[in-house]
Each structure stands twice: as structure tokens, then as C-alpha cells.
Amino acid sequence: MKKHSARVAPLSACNSPVLTLTKVEGEERPRDPPGPAEAQAPVGTDPGGRPSPRCWRCSQAQLKKIFWGVAVVLCVCSSWAGATQLAKLTFRKFDAPFTLTWFATNWNFLFFPLYYAGHVCKSAEKQSVKQRYRECCRFFGDNGLTLKVFFTKAAPFGVLWTLTNYLYLHAIKKINTTDVSVLFCCNKAFVFLLSWIVLRDRFMGVRIVAAILAIAGIVMMTYADGFHSHSVIGIALVVGSASMSALYKVLFKLLLGSAKFGEAALFLSILGVFNVLFITCIPVILYFTKVEYWSSFDDIPWGNLCGFSVLLLTFNIVLNFGIAVTYPTLMSLGIVLSVPVNAVVDRYTSKIVFNGVRVVAMVIIGLGFLLLLLPEEWDVWLIKLLTRLKVRKKEEAAEGGADLGSGPQNKSGRARPSFAR
């Protein structure tokens, strides 16, 4: 069961993205160095010069992963942009961002049941719900999920999850969805900075440049609207949401490490239980204090609320478990691609003005996000690629010289077949 060996780490699609706070990463397997015969044979061939069946199977597997990657990117992009736009539409009839956050987070409870349904359908060794639950609870320690573990290792992440989503949704009320979605992409830069400081992750100059680009994009985005109070508040809310998400991911890695698929599904379901038990009182208080008030429950757009929750659940499922079929980097691209989708929708549904400063800020933040997707050894790979190209160019030049040197001697011999025809 190789798929179940993949582990969830909090460093995100996220990158993670706004409404998801964990990201799935596959385990890397060391490759054995090639033997003498393999080292001398051309790439993609066996020692006899014939195409290697193993390389052919690898190519098919890679193509399959890329195909699934395109499907996952489209799903991430559409669900993420759809959830953002539907939230904006919901606030026109139902001005209650915290209640919407609470309602959508309750759906996290479905993570573990959906995971178990997939386990029953795909696994050869089927386990009962109780057995699977106990096995996944080992993620929290030898004693499993105790009351102490619930309040020390789950409750803090439930609070951070709620703050992240609430600040993001509240920002949608203040500024357009394009600015909100592009500013939240700075979350990946914040994750790198916190990981570098707290987790002592490897220093990478290109990621420092990406973080600088993200900060510059935030300043330019604020300047694009002339530093108006309404715009500044909205941008501050998005930056706060991105910061809470980054803090969630770094603390997850620091305190809990990584988790298998079932453990991640159980953890997200526990966040839904925490939301029901301890966060429910806050929407009730906001209702009776008329901070988030609606005259009648019949006036609540239940279709919008359920649609938003379904899109959000779909987004989280694909982003957290898409690693089973494709590469994590491809999944992260879906978040960036949602920005132009939101921009097109805002262009025809709102009064957004795409001036030069706003466009440059969007490009800078997007570039910073893409730089953060580069692997840690990208410079080594680049040097190897340039070296190979240089060697190949020299070989082609040498072969060209050899052909020119043998041309006059074989000229008549090559001409005879053409006359014979």
C-alpha cells in the first residue's frame, strides 16, 4: 500500500492556500547509483542500446501523474475561486462572516468518514471503523486521543483555523476578491520566514528574494487604492489571515510533525468536532448582540452557505490528498491560477480598476509565489542542465567537423544511388 506511506506536512499547497491549512507531501526515496553498464549506456536505453522497458514504464507513470496533475490543478482552481466568489455573493444577503466560517468548518467532520469510505473501496486489508480509528489515533502518541491531547494538540489549531478563515472572509467584505486571493498567496512567504526562524530550515537566497517580493507586493497593493482606510483594513485582514495560516503550518510541523492520510483526515475531523463543541457559542453571542444578525432563519441563503461549504470541502480534500495521484507543485499552481479567474469575474461584476500599480503588484506576488515552489536543490539541477547542454553542444560541433572532414572522400560514393534511381 504505497499510497498510504505518503505523509501530510503543514508546509503548504498550500502553500496552502487560504482555506486549507495542511498540505500533503510524498516521501522521497533514495535512488541507487547506476552500475557501470548503466552509466555507459545512453539515457532511456539498456546496455545493448535498445529502449529500456523500465524507462518506458517510468515515462508512462510520469505522464499519468502529469495528466492527473492537470485535473487536480483545474479542480483546485475552480473550487478555490468558486468558494471565494460565492462567499462574496453570500455577503450581499447574509452579512455574517463568522457564522459562515463556523458553518463551513463544521463540514470538516466529514473528512474521516470520507477517508474510511475510500479505504474500504481501495484497500486489500479492510479494517473496521474502530480499528482504523485506533490506528490513526497513534498519531497523537501512545495513549491515543486523550482529553489532555485534545486540548493541547488539537484545540490551538482549531482556533488558528477559525481565525484564518474568519479574517479571510471578513476581508472579502472590505476589498475585491482579486486582491484578497493574490494577497493571501503571501502566506507561502510567511511560512518560509517562520520555518527559517523557528524550525531552522535551510537558508535559501531565492526564497528570501521571494519573501521580499511578497512584502513589496503588499505595499504596492495598498498604494494602488491610495491608502484609503477601507482598503487598508481589508489588506490588513488578509495579511493577518495569511499570518495565522503560516503560524498554523509551522506549529503543526513543530509539535506534530507529519501524518499519514488517515491521521490527517482524523485530525481535520477533530477540528470540526472542536468547532461544534467550543466555537458554537460565538455565533450565538454575535446573533443576540446583533453584531451578526438576521431577522428570520428563512432569510438565510442556505443554498449559498451549503454551496460554499461543499466547494471549500472539495478544495481541502483535493489539496490535502491529491498527492496520491500527482506532484505537490502542480497542486500549488491551482492556487495561483485562481487569481486571474477571480480577476476576470471581478472585471465584469464589480468596479475594480486594474491600474498599473495593481497589475505590477499582482505580478510581483505571483512571481514570489512561484519562486517559493522551486525545490531546495534547484541550483544544482540548473548547473547540471547547463553542463549537459554545453557538453552536447561540443559533441554536436565535433560530429559536424567529422562529417565535413569525411565529405570529399565519400562524395562520389553517396552520389551513385541517386543516379541509379
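Start at 1 with the first residue, then count along the sequence. All values below come from the heavy atoms of this structure, side chains included, with hydrogens, waters and symmetry mates left out.
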Gap separating the [atom1] atom of [X] from the [atom2] atom of [Y], nearest 0.5 angstrom:
{"X": "Asn143", "Y": "Arg138", "atom1": "CG", "atom2": "CZ", "result": "12.5 Å"}
{"X": "Asn108", "Y": "Ile317", "atom1": "CG", "atom2": "CD1", "result": "9.5 Å"}
{"X": "Trp107", "Y": "Leu312", "atom1": "CH2", "atom2": "CG", "result": "10.0 Å"}
{"X": "Met362", "Y": "Leu183", "atom1": "CE", "atom2": "CG", "result": "9.5 Å"}
{"X": "Tyr133", "Y": "Gln127", "atom1": "OH", "atom2": "CD", "result": "14.5 Å"}
{"X": "Phe112", "Y": "His119", "atom1": "CZ", "atom2": "NE2", "result": "9.0 Å"}

If we only count heavy atoms from C-beta on, is the [X] to [Y] side-chain gap below 4.5 Å?
{"X": "Cys186", "Y": "Ile218", "answer": "yes"}
{"X": "Val198", "Y": "Leu254", "answer": "yes"}
{"X": "Asn316", "Y": "Leu268", "answer": "no"}
{"X": "Val339", "Y": "Cys185", "answer": "yes"}
{"X": "Leu372", "Y": "Val191", "answer": "no"}
{"X": "Leu251", "Y": "Leu160", "answer": "yes"}
{"X": "Gln85", "Y": "Val341", "answer": "no"}
{"X": "Ile365", "Y": "Leu213", "answer": "no"}

Does anything in [range] pair up under salt bridge (Lys or Arg N to Asp or Glu O under 4.0 Å), and if so which pairs, sequence neighbours excluded?
{"range": "residues 303-318", "value": "none"}
{"range": "residues 80-94", "value": "none"}
{"range": "residues 291-312", "value": "none"}
{"range": "residues 354-367", "value": "Asp179-Arg358, Asp225-Arg358"}

inquiry  = If only side-chain N and O atoms count, and only distance matters, is there a donor-acceptor pair under 3.5 Å linking Asn187 with Lys249?
reply    = yes

key: Any residue meeting salt bridge (charged side-chain N to carboxylate O under 4.0 Å, His left out) with Lys173, in chain and number order, not counting sequence neighbours   = Asp95

ask   = Excluding sequence neighbours, so at least two apart, what forms ring pair (Phe, Tyr, Trp, His ring centres under 6.0 Å) with Phe151?
value = Phe278

task = In sequence, state the C-alpha distance, the side-chain angles, and the governing distance for Phe150 and Phe274, and then conclude on side chain to side chain contact (heavy atoms under 4.5 Å, CB included).
result = CA-CA 9 Å; Phe150 179 82; Phe274 171 81; 3.9 Å; yes

request  = Would you sort out whether Leu145 and Leu266 count as a side chain to side chain contact (heavy atoms under 4.5 Å, CB included), showing the intermediate values?
outcome  = CA-CA 10 Å; Leu145 182 61; Leu266 178 62; 5.7 Å; no

query = Considering the options Trp161, Phe98, Phe184, which one meets the ring pair (Phe, Tyr, Trp, His ring centres under 6.0 Å) requirement together with Tyr168?
reply = Phe184

So which heavy atom on [X] is nearest to which on [Y], and how close?
{"X": "Gly307", "Y": "Leu86", "result": "C-CD2, 3.5 Å"}
{"X": "Val250", "Y": "Ser195", "result": "CG2-OG, 3.7 Å"}
{"X": "Leu271", "Y": "Ala154", "result": "CD2-O, 3.6 Å"}
{"X": "Leu311", "Y": "Ala83", "result": "CD1-N, 3.6 Å"}
{"X": "Gly217", "Y": "Ala361", "result": "O-CB, 3.7 Å"}
{"X": "Ala104", "Y": "Ser309", "result": "CA-OG, 3.5 Å"}

key: Check: Phe157 ring centre within less than 6.0 Å of Phe267 ring centre   = yes

task = Would you confirm whether the ring centroid of Tyr115 sits within less than 6.0 angstrom of the ring centroid of Phe261?
result = no

Check for a donor-acceptor pair, side chain of [X] on one end and backbone N or O of [Y] on the other, with a separation under 3.5 Å.
{"X": "Asn342", "Y": "Ser338", "value": "yes"}
{"X": "Trp196", "Y": "Ile208", "value": "no"}
{"X": "Thr105", "Y": "Asn275", "value": "no"}
{"X": "Asn304", "Y": "Ala87", "value": "no"}
{"X": "Ser241", "Y": "Thr164", "value": "yes"}
{"X": "Tyr116", "Y": "Val129", "value": "yes"}

key: Heavy atoms of other groups near Phe109 CZ, more than 12 under 6.0 Å   = no

task = Evaluate the criterion ring-ring contact (aromatic ring centres under 6.0 Å, His included) for residue pair Tyr287 and Trp294; output intermediate values, then yes/no.
result = CA-CA 8 Å; Tyr287 175 80; Trp294 52 93; 4.7 Å; yes

query = So, is the end of the Lys290 side chain (NZ or CZ) under 6.0 Å from the ring centre of Tyr293 and within 45° of the ring's axis?
reply = yes

message = Test side chain to side chain contact (heavy atoms under 4.5 Å, CB included) on Val238 and Ile175; report intermediate values, then the result.
response = CA-CA 10 Å; Val238 183; Ile175 56 180; 4.1 Å; yes

task = Give the C-alpha distance, both sets of side-chain angles, the deciding distance and a yes or no for salt bridge (Lys or Arg N to Asp or Glu O under 4.0 Å) between Glu263 and Lys260.
result = CA-CA 5 Å; Glu263 296 166 350; Lys260 297 178 182 178; 5.4 Å; no

request  = Mind running side-chain hydrogen bond (donor to acceptor under 3.5 Å, both in side chains) on Asp346 and Thr178 for me, showing each step along the way?
outcome  = CA-CA 7 Å; Asp346 285 347; Thr178 302; 2.6 Å; yes

key: Candidate pair Ser79 and Val318, rule side chain to side chain contact (heavy atoms under 4.5 Å, CB included), full reasoning   = CA-CA 9 Å; Ser79 60; Val318 174; 5.9 Å; no

